[in-house]
Protein chains: 2
Amino acid sequence: MNGKATTTRTKLERGRSALGPALELVHTGRAPTRAVLTSELGVTRATAGAVAAELEALGLIRVDSSPGSAAGSQGRPSHRLSVLETGPVVLAAQVHADGFRAALVGLGGRIVATSPGCVAVMADPAQVLGEVVEAGAELLRASGLRCVGAGLAVPSAVAEPEGTALNPLHIAWPAGSPVRDIFAACVRRAGITGPAFTGNDVNLTALAEHRHGAGRGAQHLLCVATGHRGVGGALVLDGRLHSGSSGLALEVGHLTVNPEGRPCHCGGRGCLDVETDPLAFLTTARREPGPEESLLKQAGNLLRAEYDDPAVRQAAEELIDRLGLGLAGLVNILNPDRIILGGLHRDLLEADPERLRAVVADRSLWGRSGSVPILPCTLAHNSLVGAAELAWQPVLDDPLAALA
Amino acid sequence: MNGKATTTRTKLERGRSALGPALELVHTGRAPTRAVLTSELGVTRATAGAVAAELEALGLIRVDSSPGSAAGSQGRPSHRLSVLETGPVVLAAQVHADGFRAALVGLGGRIVATSPGCVAVMADPAQVLGEVVEAGAELLRASGLRCVGAGLAVPSAVAEPEGTALNPLHIAWPAGSPVRDIFAACVRRAGITGPAFTGNDVNLTALAEHRHGAGRGAQHLLCVATGHRGVGGALVLDGRLHSGSSGLALEVGHLTVNPEGRPCHCGGRGCLDVETDPLAFLTTARREPGPEESLLKQAGNLLRAEYDDPAVRQAAEELIDRLGLGLAGLVNILNPDRIILGGLHRDLLEADPERLRAVVADRSLWGRSGSVPILPCTLAHNSLVGAAELAWQPVLDDPLAALA
DNA sequence: TGAGTTTGTGCCGCAACTAAACAAACTGCG
DNA sequence: CGCAGTTTGTTTAGTTGCGGCACAAACTCA
C-alpha cells in the first residue's frame, strides 16, 4: 500500500505474451512439436522458437533437437516438445469419504509420487488437512523437486470468494468450514512455497478429464458423477471451469427425474440425487448395504458382478432411465458437446451404454443435442490431477510471474 | 484461396490491440471520460489518448475537449467520451408472432429509427424477411447513414453452425428453415453492406439487457422470458452470450415445476413451458382467450388490470410459485449473480416480487444463491437492440478490420 | 546425388506500448 | 487575485514483442 493504488502493469511484470498459451499447449499435449506449436499459436516460426526456448530456460519443458527420426512425413523433422520430467511439481491433495491422499503432480498431469492414502477421516478439517499436507511435504522432501503451489479437492461445494465448504455431507466436517484458508495455513506451516487452492472434487475431475482425459478437445464439457452419496456436476466451458458466480454452479442433484419418486431433503421428490446414487441402487436392487465397504464400491461391485441377476439388472435399468432423464434436462439447458460420467454413473453407462444414450436422445429436445457423446471418465486419480490443475493455473496463465 | 491457407494474421491486418476493448467500454457506457478509459484499459494516459483519437478518426466516437465544467472534483477535468450520433449504424430486424419490425441502431444501443412495424406474419420466411429488410433499407436511405451490418431476432432456437430455425412454433414457418441464410440473402439483395447475423430473440434480449439495460455489470446473467407461447432462456457469461455448442442452450421450458401438472409435448408433465406461459395463466384464471389480441397481451392486461379478482390473483400466485421453482432449479445449475425476467414473467415479478424471491430463495440450495437479485427487463425493444449487438460485435472485436 | 519440402535461426524493421517530463485545466485557500 | 495542489492531456524518447525475409538445416523421394 504505497500511496497510489495504480492497477497499471509495468512492462517488467509482463512476460512474453505467448508464453502462457504455449505452455498450456504443451501441458495439454496439443503441441507435440515446435511446428504445431507455431501453427497453434498463430505466430511465426521465429517467435515460436523464442517462446519454446524461454520455456526451456525456465525449466518447464524440454526441446529435443534430435528426435531420432520421427514419422515418415517429408521435410525437416520438427523438434519434439515435452514436459520436463525434473521440472517443478505441485502438491495435490484429496479428501473423500474413504480417506485422504496426497500426491506430487508435474506438468501434463503426470503423477510423480503419491502417498499411501489414509482410510479414515477425522471430524476436524484442520487435523485432516494438516496430515495430508504433511504427507505431501514428505513426498516433496524425498523427491527434491521444486514446488510451485498446492491444490485440494474436497467432496463439497466450495463457496467463493469465501472458500468455505458448504455441504461436506459424507465427511463429518462442519458445514461452512473455511477449508480454503485451513488448507492454505497448513501449506504455509509445512513450509511449502506457492499459492494454495481448494475446489470441489467433481469440478476438479471435470477439469482434469478435460485437459488430460476423456474430455480432451471438448468445447463445452459436462461431467456428472456420484460420490459415495449424492450426485455432483461440473461444466468446463471453452477450457475454463464454470463454477458460477459464487462457486455453486452445477449443483445438479435436485433435478426432478421421477415425479412419483422418493422425497428428498430439498423439499421436492424424485431428485436425481436420491434416485441415482449408490444407496438408491442398492435399495432398488433390494440389497442390504453392508458396513464394511463404501456404498460406492458396494454398488459398483454389485453392478459389475451380478448384472445377470434380474433384480440387479432391473435396478440398473431403472437408474439408467432416471439418469438419462436428468442428463437430458442438463443437455437442454447447457447444450454441451460431450458428457463424461464418473462414479456409479460411469458404471451404469458401461453396463448399458445404448440404453442411456437412447434415453438422453429421446428426452432432450433436439436430435443434434440428443446425440451428445457420453463417455466414461478415464483418468486415474482424476480429482487429484484436477487439484493439481488448480495449482498449475497461475503458471499456465503467466509462467514468468508465477515462477518469479 | 491463394495457394497456402495460412492462418497467420499479418501485422497489417491487426489494429491497435486496445482499440476493440476501448470501443466496447464506450459502447456499454463504462468509459464516460478518457480518464476512466485509461484506468479501465490498464494502459498509460498516452496510449488511451491515442486509442481514443483513433476511434474518433474512425468516426465511431466523439471526444469532447471542452466539457463545460464537469462535476466538482478537483484537478483538470477529463475529456468526455460518447458515441458519435452521426456515426455508422446497423440494421436490426425482429420477427415475432405479432408481426415484424426493422430499426437502425447506433453504438451504445441507441435506436436511430424504427419502421412502423407490421402486424401480420406470412408463412414464408423469405417473404417476411424480404419485407422487413426492405423496410430497414428504406430507413437507411432516409437517414443517409453508413451501415456496417445487420442482425435478426427470431422467436425460435437457431442451430449453429447451420443457422436454421428449429422451432418457429408461434410463427407458422417450417421447422428447420435456414433463416440465417435467407436473411443474409435478403440483406445482400437490398444492397446493404456488412455481414448479417441471426439469433434467438430471448438470447438477444439477454445480450441487450446485459450491455445496456437491467443486466449491466452482472457477471453471470440469466434471462428467462415468455414469448406468446412457451418459455425461453438465455445466459450471458462474462459478457459473452452462452448459446451452447450448437446454439441450443438454455432451452429451459422443460424443467419440471409441477409433478402433477399438465402433460407437455416433450413427453413429461408439468414443464415450465406449459405451466407458466400466457395460455397457462389465462386457463388457470379461467378466462377464455380471445382471438383479437396476442395471448401475451391478454395475459399481461388481465394481470395488471384485475389483480384484485381472487381468481386472477390465485392464478398469478400459482404461476409465481411454479416459476420460482423453475428459477430455483436454474440457480442450482447455473449459479448466476442476477436474473432478469421478460414477457409475462416480468409481469408476474412485478405483481408480487416478494413472493417470487421467497420461492426462489426457499427452493434453491444455498442461501447465497437464493438471494440472487431478480429484476424486470428494462429496455424498450430489447431484442431489436440485441440483434444490433450481434451486428456490432465484429466492430467491437476489431474496429479497423470491420470498417475496412 | 540432386530436387523438393518442411523446419529452425539470424537479422531487420515496424508499431504499440511504457516511462518520464512537461503543459494545461481545474479547485481551494489565503 | 494569485498561488499551491491536484488531476489530466501531450510530447518525446526508448523498449520490445513480433512479423517478414533470407538462408541454413534436415529430412524424403526419385
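A note on names: the letters A, B, ... follow the listed sequences, proteins ahead of strands, and every chain is numbered from 1.
Here C:dA16 presents its P atom at 12 Å from CG of B:Asp398, a figure rounded to the nearest Å. To the nearest angstrom, P of D:dC27 lies 13 Å from CZ of A:Arg80. Atom-to-atom, CG of A:Leu81 to P of C:dT7 comes out at 13 Å; the value is rounded to the nearest Å. Rounded to an integer number of Å, the gap from A:Leu19 CG to D:dT16 C1' is 14 Å. When rounded to the nearest whole Å, the span between CD of B:Glu40 and C1' of D:dT8 equals 17 Å. In this structure, A:Glu54 places its CD atom 17 Å from C1' of C:dT9, rounding to the nearest Å. We find that CG of A:Asp64 is positioned 14 Å from P of D:dC27, with the value rounded to whole Å.
Using a 4.0 Å cut-off between charged nitrogen and carboxylate oxygen, A:Glu85 and A:Arg110 count as a salt-bridge pair. Taking a cutoff of 4.0 Å between a charged side-chain nitrogen and a carboxylate oxygen, B:Glu389 and B:Arg211 qualify as a salt bridge.
When only modelled atom types and interatomic distance are considered, B:Ser246 and A:Asn335 share a side-chain donor-acceptor pair under 3.5 Å.
In this structure a side-chain-to-backbone donor-acceptor pair under 3.5 Å is missing from A:Trp392 to A:Gly108.
A sub-4.0 Å separation between OP1 or OP2 of C:dC17 and a side-chain N or O of B:Ser17 is present. For A:Thr47 and D:dG19, the shortest distance from a side-chain N or O to OP1 or OP2 is below 4.0 Å. Between B:Arg34 and D:dG9 there is a side-chain N or O to OP1 or OP2 distance below 4.0 Å. Remark: B:Ser78 is in phosphate contact with D:dG9, judged by side-chain N or O atoms under 4.0 Å from OP1 or OP2.
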N/O donor to acceptor pairs below 3.5 angstrom from side-chain atoms of residues 235-242 of chain B, sequence neighbours left out:
| from | atom 1 | to | atom 2 | distance (Å) |
| --- | --- | --- | --- | --- |
| B:His242 | NE2 | A:Leu334 | O | 3.4 |

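In this structure, of C:dT27, C:dA16, D:dG9, it is C:dT27 that holds the atom nearest to the side chain of B:Gln74.
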Intermediate values then yes/no, salt bridge (charged side-chain N to carboxylate O under 4.0 Å, His left out), A:Arg180 and A:Glu160: CA-CA 10 Å; A:Arg180 204 228 354 243; A:Glu160 294 296 335; 3.6 Å; yes
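For the pair A:Gly75 and A:Thr38, both in contact range of DNA chain C, the more 5′-proximal nearest nucleotide belongs to A:Gly75.
The base of D:dT7 does not come close enough to the side chain of B:Arg76 for any donor and acceptor atom to sit less than 3.5 Å apart.
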Report, one pair per line, the protein and nucleotides 21-23 of chain D atoms (nitrogen or oxygen only) whose separation is under 3.5 Å.
none

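Not counting sequence neighbours, the partners of A:Ala31 by the side chain to side chain contact (heavy atoms under 4.5 Å, CB included) test are A:Leu25, A:Val26, A:Val36, A:Leu37.
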